[in-house]
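See below for the structure under consideration.
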Amino acid sequence: MALNHNQSASPHVDAGYHLMELPTKVLIGEGVISKLGDFIKDSAGGGSVVVASGANVASKVRRAVEAALPTEPIWVEVAAADIGNVDRVMDSAAGARCIVGVGGGKSVDVGKLAAFNLHIPFYSVPTSASHDGISSPFASLKGLDRPYSIMAKPPLGILADIEVISSAPRRLLASGCGDLVSKLTAVKDWELAHRITGEYYGSYSASLALMSANTVLDHSRTIGSFDKGSVRELVEALISTGVAAGIAGSSRPCSGSEHLFSHYLDVLAPESGLHGEKCGIGTIMMAKLHRIDWRRVRFALKNVGAPVEASQIGIEDSMVVEALTKASTIRPDRYTILSKRRLSWKNAALLAKSTGVI
Ligand SMILES: [Zn+2]
């Protein structure tokens, strides 16, 4: 079979070689936010520290962040994960020594891309664990020409304070579990693409991503308690999937047909459901298409309190069916089970009904 390396869609994966970009350090534990000043010392040099963060988060951890830094940082409020906010952070960060993204998802995505554009270091300080963007080289933003993540650079460092993250709403933590189980079908899609198109497949990064999915699939009851021990497991698993993407040089081990389904719903119903919630629901259905144990996925999601039915996140049945039939069109270069099966409206409805999603 002829190799078609263009299928990878990543500028870093090319014929015969690819670049691995990884975070250089991770500090994880209770109360580590007080060590932020030391943690970002590597980015020594002139200029100030710019902190990108949402309004709620700023009120929650502002004092702790300021106490940890030797000089007062410049705070930039991130209202949404879009290009307008990236531009605002970039304006404030001109001449800065680094950007620190403090928050759930938006601030990390916005800060990551702003730092990437300015060629300055970026540090990720997650205050929840709702998806794997806390460590990955990707930024997920609205207002781009495509509804999926773009390649930036992984954070230079990730500082994960388990005390802070444990106090995040359970819904966000359950959403993180949804993003983790999605690696199960993402890896299946990657294997499939490798067989059909000859696209590069890395079994090491695939195994690493699967290990993170299994953290939730094998221990959903324990993880779902969201005590400090299980939140630490969850955060370590999410960081590890970001690293898997870094090793793969593409989002392949972390994002397959279930992510395309989620991205399509982002377009149809932008305000409904969190990223990891939609990916988790997508994983149930894509697992069935791949003929693997979809009930195990559903069971684990229920155990952690993540939604398993579209109505739980305000998504209409017809949207689920439309997303199943059209999701592969938003990223034609990414071969998945949806490209292979090309579901009709009738078969998509059957799939969604038979898995209890609608
Ligand atoms: Zn994701």
Side-chain angles (χ1 to χ4, degrees), residues 9-10 81 101 103-110 112-113 124 126 128-142 144 146-152 154-155 158 168 171-190 205-206 208-217 234-248 250-267 270 272-287 297 300-301 304 306-307 313 315 323 327 330-331 334 336 338:
S10 163
K106 291 175 201 151
S107 312
V108 170
D109 277 331
V110 166
K112 192 190 287 173
L113 192 59
S124 165
S128 74
S130 61
H131 63 75
D132 60 22
I134 56 180
S135 63
S136 76
F138 306 99
S140 182
L141 294 160
K142 288 178 184 146
L144 298 169
R146 52 191 175 167
Y148 51 87
S149 306
I150 57 165
M151 188 89 166
I158 302 148
R171 183 180 173 195
L172 295 177
L173 300 174
S175 174
C177 294
D179 206 17
L180 279 181
V181 300
S182 74
K183 311 323 173 203
L184 184 68
T185 46
V187 166
K188 277 277 161 200
D189 284 321
W190 196 15
S205 54
L208 193 59
L210 281 181
M211 235 160 70
S212 288
N214 286 333
T215 299
V216 177
L217 292 167
L234 169 62
V235 174
E236 289 184 5
L238 283 169
I239 291 173
S240 181
T241 61
V243 169
I247 293 173
S250 85
S251 61
R252 265 299 191 181
C254 300
S255 165
S257 50
E258 73 301 315
H259 269 68
L260 294 177
F261 169 78
S262 167
H263 295 322
Y264 201 90
L265 290 179
D266 292 344
V267 178
S272 300
L274 301 170
H275 170 77
E277 293 177 332
K278 288 179 269 196
C279 289
I281 288 174
T283 305
I284 299 172
M285 295 185 287
M286 303 314 151
V297 177
L301 289 172
V304 299
I313 49 170
I315 302 272
I330 56 172
R331 193 168 184 179
R334 178 144 289 187
T336 70
L338 289 175

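Quick caveat: nothing in here was measured; it's all calculated off a predicted structure. We count ligands from 1, going down the list as the structure has it; atoms in each ligand are counted the same way.
Among the backbone and side-chain atoms of D132, no N/O/S atom is found under 2.8 Å from the Zn ion (ligand 1). Put simply, H259 gets within reach of the Zn ion (ligand 1), with an N, O or S atom under 2.8 Å from it. Among the backbone and side-chain atoms of H131, no N/O/S atom is found under 2.8 Å from the Zn ion (ligand 1).
Expressed to the nearest 10°, the angle at the Zn ion (ligand 1) joining OD1 in D179 with NE2 in H275 is 100°.
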Could you go through the salt bridge (Lys or Arg N to Asp or Glu O under 4.0 Å) check for K142 and D266 one step at a time? CA-CA 10 Å; K142 288 178 184 146; D266 292 344; over 6 Å; no
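Counting only heavy atoms from C-beta outward, the side chains of S240 and L208 approach each other to under 4.5 Å.
Looking only at distances, no side-chain donor or acceptor of T336 sits under 3.5 Å from a matching main-chain atom of S257. Checked by atom type and distance alone, the side chain of S130 never pairs as donor or acceptor with a backbone atom of L172 at under 3.5 Å.
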